[in-house]
Every structure is written in C-alpha cells, then in structure tokens.
Protein chains: 2
Amino acid sequence: MAKRTFLGEFELMILLAILHLGDEAYGVPVSRELENYCGRSIALGSVYASLERMENKGLVSSSVGDPTPERGGKAKRYFRVTGEGLREVQETRQVLTRLWQGLPQITEWKGRQA
Amino acid sequence: MAKRTFLGEFELMILLAILHLGDEAYGVPVSRELENYCGRSIALGSVYASLERMENKGLVSSSVGDPTPERGGKAKRYFRVTGEGLREVQETRQVLTRLWQGLPQITEWKGRQA
DNA sequence: TGCCATTTCTTCAATAATAGTGAATATATG
DNA sequence: CATATATTCACTATTATTGAAGAAATGGCA
C-alpha cells in the first residue's frame, strides 16, 4: 500500500478556498472560488470527491445546515478545515516557499508576460 | 479522458529541485534534494516515474552524459526544465501565492510550533 | 390544494492520471 | 567477479476528472 504522501495540488487549493470562504464554504462556492483563482473551469464532482477523501483523512470536517427559504434551497453541507488540515497546509507552504526561494527565474516573474 | 490538469505536488517539487541542482540534476541527487527539503524519504522509483511522465508532457528534457571515472560510475541521465515546464511552475506559484495571501492562519506560521 | 417544472446542491459510477514500492537490470570500476 | 552507482520495470494505491443521476426545496398554475 502506498504510504502517507503529500497533499495533492488540488487538495491544497481546496483547503485554501475553504479558509477564504469561512462560514460559506460548501461545495458550490468552493468550486467557484477555485475557478476564480485558477482561471479554468472546475468540475463540481471533482471538488466533492476531493472533499470526501479529505474528510476521511481528517483534513476537513463537515456538517449539514438547514434548508434556506429560496428556490432550490436544499440543505448545504458546510466544510471546515481541521487543525490537522491546517497543519498540512502550513507545512506544504513551508516546503514550497523554501524550494522556490533563491530561484530568480521563478520568483521574479510577475505574471503572464506581455 | 481526463483533460489537462494542474501540476501535481510531486511534479512541482521535482521541477524546483532540478532548477536548484542546475547541471547536476539527475535522478539520484534530485531525490536526495527532495528528501532534504521535505524531511521524509522519497522512493527513487517514484522520482524516475514522475520525470518520465513530465518528459512526455514536455515539461523536462533529458540527455545521457558520459560515464564518470569512479567505481560504479554509470552514465547519468541529466534533466533540464523546459520553457513550458518553467511556465507551469510560475503559474502554479502565482495561484498558490494568491490563495494563501490574506490568510494569517497560514502565512504567520513560522515553522513547526514548539 | 396538489402537481410538476425548475433550481440548487450533492452523490455516484466509471475512467484517467499520478504517486509510491520493491525488485530487476545495466554499466562502471577494483 | 564482487561491488557500487544509476536507471528501468511491473505492479498497486491514491488522486483527479467527468458526466449523469439523485435529493430536496420553492414557485406557479390548473
């Protein structure tokens, strides 16, 4: 069996999106948030699948809210990042930050070139 | 078929390790470099597998050097990050940087807590 | 009132791609 | 030939992606 591994890129981004959204972190806005940050479309199914896996690993927890009084206002499943999830994000950030420090070809790039 | 996706966490780290190593970037030191940065052991096979995939995707290129005059000095396969590989690293870094900006619970963490 | 179309959100099933492992293989030198 | 360095291989596990189906709610209209 494959042993414990890194946080996947997608997992990392989802965790960060949840932190950004705070109390409004359920599947749909998480997906929208990612699309905004990444500039590409994200399949909702992949977000839910990843959330499911991360809940099993203890990186996020979820709770189902009440239905809202609006058309299609089905109860939402809200997600939070657990302490362990936060720790993993922090560690990943540390490693990446160290890795791209001292690499001018990376860090001096300011965005898509003209 | 799954469409084009993000750079995986592992792929990203390998690309960064290659950039750090410059002219000495072949399988073994790449793996060692990762172990140093990540603080965990890395299976050599997984590094080669990832390098292989990335070469197919055009993110790295490789060339086989000459044997070196030392015991077991088998010819090495050196890797370089291509222009496209570099661009992907840069874009990934941009997205991640934006995502963890404004999150004090992430950015104000200075390392493994005492 | 009682349906049903519509909306919002979640789950599912199936496939592709990536990660990880241990053993095997290839080539050097001493 | 034993040993050292490096790469490749075969196989399994985990993660990513997609498209469609399922659940639950409201709004409007006969």
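Proteins come first, then strands; the chains are lettered A, B, ... in the order of their sequence lines, and each starts at number 1. Every heavy atom of this structure was used, including side-chain atoms; hydrogens, water molecules and symmetry mates were not.
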A/Leu12 has an atom CG; how far is it from atom P of C/dT18, in whole Å?
18 Å

Over 60° means perpendicular and under 30° means parallel, so tell me whether B/His20 and B/Tyr37 are parallel, tilted or perpendicular.
tilted

Could you work out which one of C/dA19, D/dA6, D/dT18 sits closest to the side chain of B/Val28?
D/dA6

Please determine whether a side-chain nitrogen of the Lys or Arg among A/Glu11 and A/Lys57 lies less than 4.0 Å from a carboxylate oxygen of the Asp or Glu.
yes

Select from B/Thr68 and B/Val47 the residue whose nearest nucleotide in DNA chain C is closer to the 5' end of that strand.
B/Val47

A/Leu7 CG to C/dT18 P, straight-line distance once rounded to whole Å:
18 Å

A/Lys76 side chain, from C-beta outward: closest of D/dA16, C/dC9, D/dT8
C/dC9

Given atom CZ of A/Phe10 and atom P of C/dA19, what is their separation to the nearest angstrom?
15 Å

Scan B/Leu44 against the nucleic acid and name what it touches under 4.0 Å (heavy atoms): base, sugar-phosphate only, or nothing.
base

Is the phosphate of C/dT29, meaning OP1 or OP2, less than 4.0 Å from a side-chain N or O of B/Lys74?
no

Along DNA chain D (nearest heavy atom to each residue), the more 5'-positioned of A/Arg53 and A/Pro69:
A/Arg53

Over how many whole Å does the gap from A/Lys57 atom NZ to C/dA19 atom P extend?
13 Å

Pairing donors with acceptors under 3.5 angstrom, does anything connect the side chains of A/Ser62 and A/Arg77?
yes

Working to the nearest 0.5 Å, report the span between CG of A/Leu34 and CG of A/Leu16.
9.0 Å

Nearest whole Å is fine: how far is D/dA6 P from B/Tyr78 OH?
9 Å

Using whole Å, what does the distance between atom P of nucleotide C/dA17 and atom CZ of A/Phe6 come to?
23 Å

Sugar-phosphate only, base, or nothing, as touched by A/Glu52 at under 4.0 Å among non-hydrogen atoms:
nothing

How is A/Glu70 classified with respect to the nucleic acid when contacts are heavy atoms under 4.0 Å: base, sugar-phosphate, or nothing?
sugar-phosphate

Would you kindly give the CD-to-P distance between A/Glu11 and C/dA19, to the nearest whole Å?
11 Å

Once you round it to whole Å, what is the distance between P of D/dA6 and CG of B/Leu51?
14 Å

Reckon B/Arg71 has a side-chain N or O less than 4.0 Å from the OP1 or OP2 of C/dT27?
no

When you check the side-chain N and O atoms of A/Glu84 and A/Thr82, is any donor under 3.5 Å from an acceptor?
no

Give A/Gly45 one of three labels, base, sugar-phosphate or nothing, depending on what nucleic acid heavy atoms sit under 4.0 Å from its own.
base

If you find the nucleotide of DNA chain D closest to B/Ser46 and the one closest to B/Arg32, which residue's nucleotide is nearer the 5' end?
B/Arg32

